[in-house]
Student: 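The structure under discussion is supplied below as structure tokens; questions concerning it will follow.
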Amino acid sequence: MPHPQAKIHRMFELLEPIATVTFSEVPNEAFLALGMRDYWDGYFAGRAAPLGPAPAEVVHAVFYNFADGEVARHIPWVWGKITPQEAIAVRERSSAAALRQRIGELADSSGLVGAADLATRAAVSAPTEGRALYAGLRALDVPEEPVARLWHAATLLREHRGDGHNAALVAHGIGGTESHVLMAVSLGMRAEDFGRIHHLPKAQLAAVVDGLRGRGLVDAAGGFTQSGRETKQRIEALTDELAAPAYDVLSADELDELIAGLEPIAAAAQAVDD
């Protein structure tokens with residue numbers, strides 16, 4: 001029986017700070033120690049590793065929202081320093097260490113073990129069709145240690161949702177850089193001030209914004225039109241809808257138990273970033 005969409009979205013909010021410890025300082029230092037030149041080398045090596053030594057064009061397509069040429073600055077260069085298998089191992093080890101560091105005594109709690117077990121059941125039960133990055137992650141062994149298992153499950157569920165989000169963007173004709181511009185607009189920010197795209201040439205960003213304006217999604221002042229706001233809402237709703245099958249394996253009570261178990265862990269993981 002399908003779960004309410006609000007609970008599916010709540011799972012996204014709770015899993016995000018747990019999964020994204022991967023992009024914090026402890027994993028970054030671990031990758032730098034293996035010869036990566038900068039943060040982004042480690043990011044692409046770790047996140048793309050489940051795809052194997054795929055060419056930059058494939059990683060660009062799967063990751064969806066990086067500007068042209070950004071992936072190619074790191075892939076395949078990183079594979080001259082470490083193998084995908086090594087990147088998977090260092091990513092798991094350092095991400096679990098980062099999560100343990102952030103959540104303190106919760107790392108050894110029975111609540112974490114229960115949450116890791118329920119999250120893992122969901123994480124390994126979703127359909128893989130059309131979900132390339134999720135499918136790559138599903139092919140990996142599930143860690144036995146509870147903190148690592150929770151991080152791994154959160155990452156699987158995050159990338160399952162992400163693959164679905166990309167499908168929703170494709171269905172609505174929204175390109176990768178366009179998706180970042182729409183996110184910036186939804187936050188009341190100018191595109192050139194938004195973290196993920198502020199480094200792009202101003203003329204390139206202006207052309208993307210002009211394209212969205214020409215399609216009636218953004219107004220002259222750079223805010224949403226009614227159509228733009230509705231398009232963004234439809235994409236978010238469809239993303240939740242496409243994420244939902246992962247949780248079909250859990251009963252309503254089990255999903256509630258998982259949400260309750262994740263709340264203190266997510267809050268502790270999040271607090272470090274605030």
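All values below were derived from every heavy atom in this structure, side-chain atoms included, with hydrogens, water molecules and symmetry-related copies excluded.
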Student: Only pairs under 3.5 Å count here: list side-chain donor-acceptor contacts from residues 41-50, not counting sequence neighbours, and write none if there are none.
Tutor:
unit_1, atom_1, unit_2, atom_2, d
Asp41, OD1, Arg37, NH2, 3.0
Asp41, OD1, His74, ND1, 2.7
Asp41, OD2, Arg37, N, 2.8
Asp41, OD2, Arg37, NE, 2.8
Tyr43, OH, Arg47, NH1, 2.8
Arg47, NE, Glu159, OE2, 2.8
Arg47, NH2, Glu159, OE1, 3.1

Student: Is any side-chain heavy atom of Val209 less than 4.5 Å from a side-chain heavy atom of Arg190?
Tutor: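 Counting from C-beta outward, Val209 and Arg190 never come under 4.5 Å.
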
Student: As a quick check of understanding, evaluate salt bridge (charged side-chain N to carboxylate O under 4.0 Å, His left out) for Arg234 and Glu241, giving each step before the final call.
Tutor: CA-CA 10 Å; Arg234 279 200 306 274; Glu241 195 180 312; over 6 Å; no

Student: Does CG belonging to Asp193 count more than 12 external heavy atoms closer than 6.0 Å?
Tutor: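 Count over threshold, so yes.
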
Student: At their closest point, which heavy atom of Ala132 faces which heavy atom of Val62, and how far apart are they?
Tutor: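 Taking Ala132 first and Val62 second, the nearest heavy atoms are CB-CG2, 4.1 Å.
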
Student: I want to check something: taking the side chain as every heavy atom from C-beta on, are Leu140 and His152 in contact at a cut-off of under 4.5 Å?
Tutor: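 They are in contact (side-chain heavy atoms under 4.5 Å apart), so the answer is yes.
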
Student: If two hydrophobic side chains count as joined below 4.5 Å and joins carry through other members, does Val71 share a cluster with Tyr64?
Tutor: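 Different clusters.
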
Student: Show your working on salt bridge (charged side-chain N to carboxylate O under 4.0 Å, His left out) between Arg158 and Glu16 and close with a plain yes or no.
Tutor: CA-CA 7 Å; Arg158 179 182 194 264; Glu16 190 71 0; 3.0 Å; yes

Student: Can you name the closest pair of heavy atoms from Ala122 and Val249 and give their distance?
Tutor: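 Where Ala122 meets Val249 most closely, the heavy atoms are CA-CG1, 3.8 Å.
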
Student: I want to check something: taking the side chain as every heavy atom from C-beta on, are Phe12 and Thr239 in contact at a cut-off of under 4.5 Å?
Tutor: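 No, their side chains stay 4.5 Å or more apart.
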
Student: Is it the case that one hydrophobic cluster holds both Leu217 and Ile235, taking links as side-chain heavy atoms less than 4.5 Å apart, direct or via other members?
Tutor: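 Linked within one cluster.
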
Student: Under the side-chain contact (heavy atoms from CB on, under 4.5 Å) criterion, do His199 and Glu70 qualify, and how do the steps go?
Tutor: CA-CA 11 Å; His199 63 287; Glu70 288 189 329; 2.3 Å; yes

Student: Within the structure provided, determine whether Arg93 and Val90 are in side-chain contact (heavy-atom separation under 4.5 Å).
Tutor: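 Sidechains of Val90 and Arg93: in contact.
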
Student: Sorted by first residue and then second, give each ring pair (Phe, Tyr, Trp, His ring centres under 6.0 Å) pair with at least one member in residues 90-135; sequence neighbours left out.
Tutor: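 Sorted pair list: Tyr134-His160.
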
Student: Taking all atoms of both residues into account, what is the closest heavy-atom pair of Ala67 and Gln204, and its distance?
Tutor: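 Shortest heavy-atom separation between Ala67 and Gln204 comes out as CB-NE2, 4.1 Å.
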
Student: Apply the side chain to side chain donor-acceptor pair (under 3.5 Å) test between Asp240 and each candidate in Arg10, Lys7, His9; give the one that qualifies.
Tutor: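 Between Asp240 and the candidates, side chain to side chain donor-acceptor pair (under 3.5 Å) is satisfied uniquely by His9.
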
Student: Look up atom CH2 in Trp77 and atom CE in Met36, then write down how far apart they are to the nearest 0.5 Å.
Tutor: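 So the gap between those two atoms works out to 5.5 Å.
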
Student: Is it possible for you to say whether Leu137 and Val147 belong to one hydrophobic cluster, with membership spreading through side-chain heavy-atom contacts below 4.5 Å?
Tutor: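 In one cluster with Leu137: Val147, no.
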
Student: Please find the pair of heavy atoms, one from Arg213 and one from Asp219, that lie closest to each other, and give the distance.
Tutor: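 Between these two residues, the closest heavy atoms are NE-O, 3.1 Å.
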
Student: On a heavy-atom basis, which atom in Leu182 and which in Lys232 lie closest, and how many Å separate them?
Tutor: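 Taking Leu182 first and Lys232 second, the nearest heavy atoms are O-CE, 3.9 Å.
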
Student: Does any part of the side chain of Ile75, heavy atoms only, come nearer than 4.5 Å to the side chain of His60, both counted from C-beta?
Tutor: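 No - every pair of side-chain heavy atoms lies 4.5 Å or more apart.
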
Student: Can you get from Phe23 to Ile82 by hopping between Ile, Leu, Val, Met, Phe, Trp and Tyr side chains that sit under 4.5 Å apart?
Tutor: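 Per the 4.5 Å side-chain linkage, Phe23 and Ile82 are co-clustered.
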
Student: Within the side chain of His172, is there an N or O that forms a donor-acceptor pair under 3.5 Å with the backbone of Ala168?
Tutor: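 Yes, the answer is positive, given that a donor and an acceptor are paired below the 3.5 Å cut-off.
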
Student: Is it the case that the side chain of Arg102 and the backbone of Ala268 share a donor-acceptor pair, with hydrogens and angles ignored and the cut-off at 3.5 Å?
Tutor: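 Between the backbone of Ala268 and the side chain of Arg102 there is no qualifying donor-acceptor contact (under 3.5 Å).
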
Student: What I'd like to find out is whether the side chain of Val185 reaches to under 4.5 Å of the side chain of Arg229, using heavy atoms alone.
Tutor: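 Counting from C-beta outward, Val185 and Arg229 never come under 4.5 Å.
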
Student: How long is the span from the OG1 atom in Thr20 to the CG atom in Leu99, to the nearest 0.5 Å?
Tutor: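 Rounded to the nearest 0.5 Å, the OG1-CG separation comes out at 10.0 Å.
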
Student: Rounded to the nearest 0.5 Å, what separation is found between the CG atom of Asn65 and the CD1 atom of Ile174?
Tutor: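 Output value for this atom pair is 13.0 Å.
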
Student: Do Leu255 and Leu14 sit in the same hydrophobic cluster, where Ile, Leu, Val, Met, Phe, Trp and Tyr count as joined when their side-chain heavy atoms come under 4.5 Å apart?
Tutor: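 In one cluster: yes.
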
Student: Mind checking whether Leu242 and Arg131 have side chains closer than 4.5 Å, heavy atoms only?
Tutor: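 When only atoms from C-beta onward are counted, Arg131 and Leu242 do touch, with a gap below 4.5 Å.
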
Student: Within a strict 4.5 Å, meaning less than it, do heavy atoms of the Phe224 and Glu230 side chains meet?
Tutor: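 SC-SC contact between Phe224 and Glu230 ruled out.
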
Student: Give a yes or no answer on whether the side chain of Glu92 reaches the backbone of Ala148 with a donor-acceptor pair at less than 3.5 Å.
Tutor: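 No, because the side chain of Glu92 does not come within donor-acceptor range (under 3.5 Å) of the backbone of Ala148.
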
Student: Show the nearest heavy-atom pair for residues Ile197 and Leu205, with the distance to one decimal.
Tutor: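 Residues Ile197 and Leu205, closest heavy atoms: O-CD1, 3.5 Å.
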
